[in-house]
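Comments concern the structure below.
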Amino acid sequence: MNKDKAVVVFSGGQDSTTCLFWAKQRYAHVEAITFQYGQRHAAELDCAASIAEELDIPHHVLDMSLLNQLAPSALTRDIPIETMDNGLPSTFVEGRNLLFLSFAAVLAKQIGARHIVTGVCETDFSGYPDCRDNFIKSLSVTLNLAMDYPFVIETPLMWLDKKETWALADRLGAFDFVRTRTLTCYNGIVANGCGECPACKLRAAGLEEYLLEREGGVRS
């Protein structure tokens with residue numbers, strides 16, 4: 001195990017919880033940071049707090065409600081989940097990962113952590129520009145220069161699809177935990193969720209593929 005400290009950007013969803021287990025296995029000390037930005041469902045914040053408490057992870061919650069005022073989306077307002085004219089889903093929140101990672105870096109420096117872990121992914125990213133690998137690399141350089149501190153932004157899911165993310169959770173010994181305790185659903189329903197929103201469909205399809213593969217199915 002690396003003796004360094006890490007901060008995990010944490011929502012209580014499938015991806016960030018998998019990243020939390022990933023970080024716990026690699027770093028001597030891990031803390032989680034969650035952002036309150038006017039999400040449609042307080043259940044997300046409750047879920048994150050519950051998981052952090054159960055895993056004995058120090059948990060910081062920051063008020064980022066200003067983001068909701070500046071960048072309304074289907075995740076923060078009663079707006080239909082659909083594809084917008086620019087080709088992005090209406091669930092995209094402008095500047096979210098830029099701000100979240102920047103504030104996570106401020107916390108990381110205060111506690112002496114070099115590693116910032118985030119569950120962004122370019123494989124199943126719905127076209128969100130702030131989930132791309134080139135953005136993460138660019139921001140890493142910017143944060144190092146801005147704070148004169150050797151940050152490393154870790155993205156363990158960057159090149160994994162949802163099937164492979166389930167496989168990673170299984171290898172980490174967290175499969176059942178992630179399957180039953182996390183909240184990915186846009187409608188605020190834990191575990192399998194509503195089954196209808198895009199997030200639930202993506203999660204369920206990946207799970208089905210992984211279970212078929214694990215059980216010796218023909219799908220690879």
Side-chain angles (χ1 to χ4, degrees), residues 1-2 4-36 39-61 75 100 104 107 113 115-121 123-125 131 153-217 219:
M1 177 181 287
N2 192 310
D4 285 348
K5 297 179 179 180
V7 170
V8 178
V9 178
F10 186 57
S11 69
Q14 174 190 358
D15 293 345
S16 65
T17 303
T18 301
C19 287
L20 192 62
F21 277 94
W22 182 89
K24 278 172 59 65
Q25 288 198 5
R26 279 161 177 76
Y27 300 110
H29 181 81
V30 176
E31 301 194 12
I33 184 168
T34 299
F35 299 93
Q36 194 290 104
Q39 297 96 315
R40 289 171 68 171
H41 305 286
E44 178 179 309
L45 301 171
D46 295 339
C47 184
S50 176
I51 291 172
E53 181 178 11
E54 182 167 345
L55 298 180
D56 195 26
I57 299 291
H59 185 215
H60 308 264
V61 181
L75 291 188
F100 286 4
L107 171 66
H115 299 267
I116 304 166
V117 184
T118 176
V120 298
C121 167
T123 306
D124 285 331
F125 76 139
C131 289
I153 302 179
E154 308 276 10
T155 55
L157 310 184
M158 179 58 74
W159 306 113
L160 305 184
D161 60 21
K162 275 292 179 285
K163 180 194 75 172
E164 293 165 327
T165 300
W166 283 112
L168 175 59
D170 208 358
R171 291 196 301 273
L172 294 168
F175 179 81
D176 289 335
F177 188 100
V178 171
R179 187 175 182 179
T180 60
R181 296 294 309 280
T182 61
L183 194 162
T184 303
C185 177
Y186 289 157
N187 290 310
I189 303 172
V190 174
N192 293 332
C194 69
E196 297 298 326
C197 72
C200 283
K201 290 179 178 178
L202 185 62
R203 172 177 167 139
L207 177 60
E208 180 184 5
E209 281 195 64
Y210 176 61
L211 290 176
L212 281 171
E213 182 179 277
R214 189 175 72 170
E215 294 163 9
R219 203 180 302 183

Nearest heavy-atom approach of Cys185 to Cys194 is SG-N, 3.4 Å

CG of Leu55 to OG of Ser50, rounded to nearest 0.5 Å, is 9.0 Å

Inspect the surroundings of CD in Glu54 and state if more than 12 heavy atoms from other residues, nucleotides or ligands are less than 6.0 Å away.
-> yes

Of all heavy-atom pairs linking Phe10 and Ala48, the shortest is CE2-O, 3.3 Å

Check your understanding: Looking only at atom types and distance, does a side-chain atom of Thr182 sit under 3.5 Å from a main-chain N or O of Val178, one as donor and one as acceptor?
Key -> yes

In this structure, CD of Glu53 is separated from CD1 of Ile51 (nearest 0.5 Å) by 11.5 Å

How far apart are the C-alpha atoms of Gln14 and Lys162, what are their side-chain angles, what is the distance that settles it, and do they pass the side-chain contact (heavy atoms from CB on, under 4.5 Å) test? CA-CA 10 Å; Gln14 174 190 358; Lys162 275 292 179 285; 3.6 Å; yes

Between the CD atom in Glu164 and the OG1 atom in Thr18, the distance rounded to the nearest 0.5 Å is 13.0 Å

Can you find a pair of side-chain heavy atoms, one from Tyr27 and one from Glu154, that are under 4.5 Å apart?
yes

Measure the shortest side-chain to side-chain distance between Phe21 and Val30 over non-hydrogen atoms and say whether it is less than 4.5 angstrom. no

dist Arg179:CZ -> Asp170:CG (nearest 0.5 Å) comes out at 10.5 Å

Report task. Start with the C-alpha gap between Phe175 and Leu207, add the side-chain angles, then the distance that decides, and say whether side-chain contact (heavy atoms from CB on, under 4.5 Å) holds. Result -> CA-CA 10 Å; Phe175 179 81; Leu207 177 60; 3.6 Å; yes

Closest heavy-atom pair, Thr180 versus Val190, reported as atoms and distance to 0.1 Å, is O-CG1, 3.7 Å

Of all heavy-atom pairs linking Thr184 and Ala199, the shortest is O-CB, 3.4 Å

ask   = Is Asp176 paired with Arg181 through a side-chain N to carboxylate O contact shorter than 4.0 Å?
value = no

What one should report as the nearest heavy-atom pair of Thr123 and Trp159 is OG1-C, 3.2 Å

Exercise for review: Go through His60 and Glu31 one step at a time and tell me if the side-chain contact (heavy atoms from CB on, under 4.5 Å) criterion holds.
Suggested key: CA-CA 8 Å; His60 308 264; Glu31 301 194 12; 2.5 Å; yes

Rounding to 0.5 Å, atoms CD1 (Ile57) and NE2 (His29) come to a distance of 8.0 Å

Taking the side chain as every heavy atom from C-beta outward, state whether Tyr210 and Thr165 have any atom pair closer than 4.5 Å.
no

### Query
Is a side-chain N or O of Asn187 found less than 3.5 angstrom from the main chain of Ile189, in a donor-acceptor match?
no

In this structure, CG of Asp15 is separated from OG1 of Thr155 (nearest 0.5 Å) by 12.0 Å

Okay, side chain of Gln25, backbone of Leu172: is any donor-acceptor separation there less than 3.5 Å?
-> yes

Between Gly195 and Lys201, the two heavy atoms sitting closest are O-CG, 3.9 Å

**Asked** Side-chain contact, heavy-atom cut-off 4.5 Å: Phe100 with Thr118?
**Response** no

Applying side chain to side chain contact (heavy atoms under 4.5 Å, CB included) to Arg171 and not counting sequence neighbours gives Ala167, Leu168

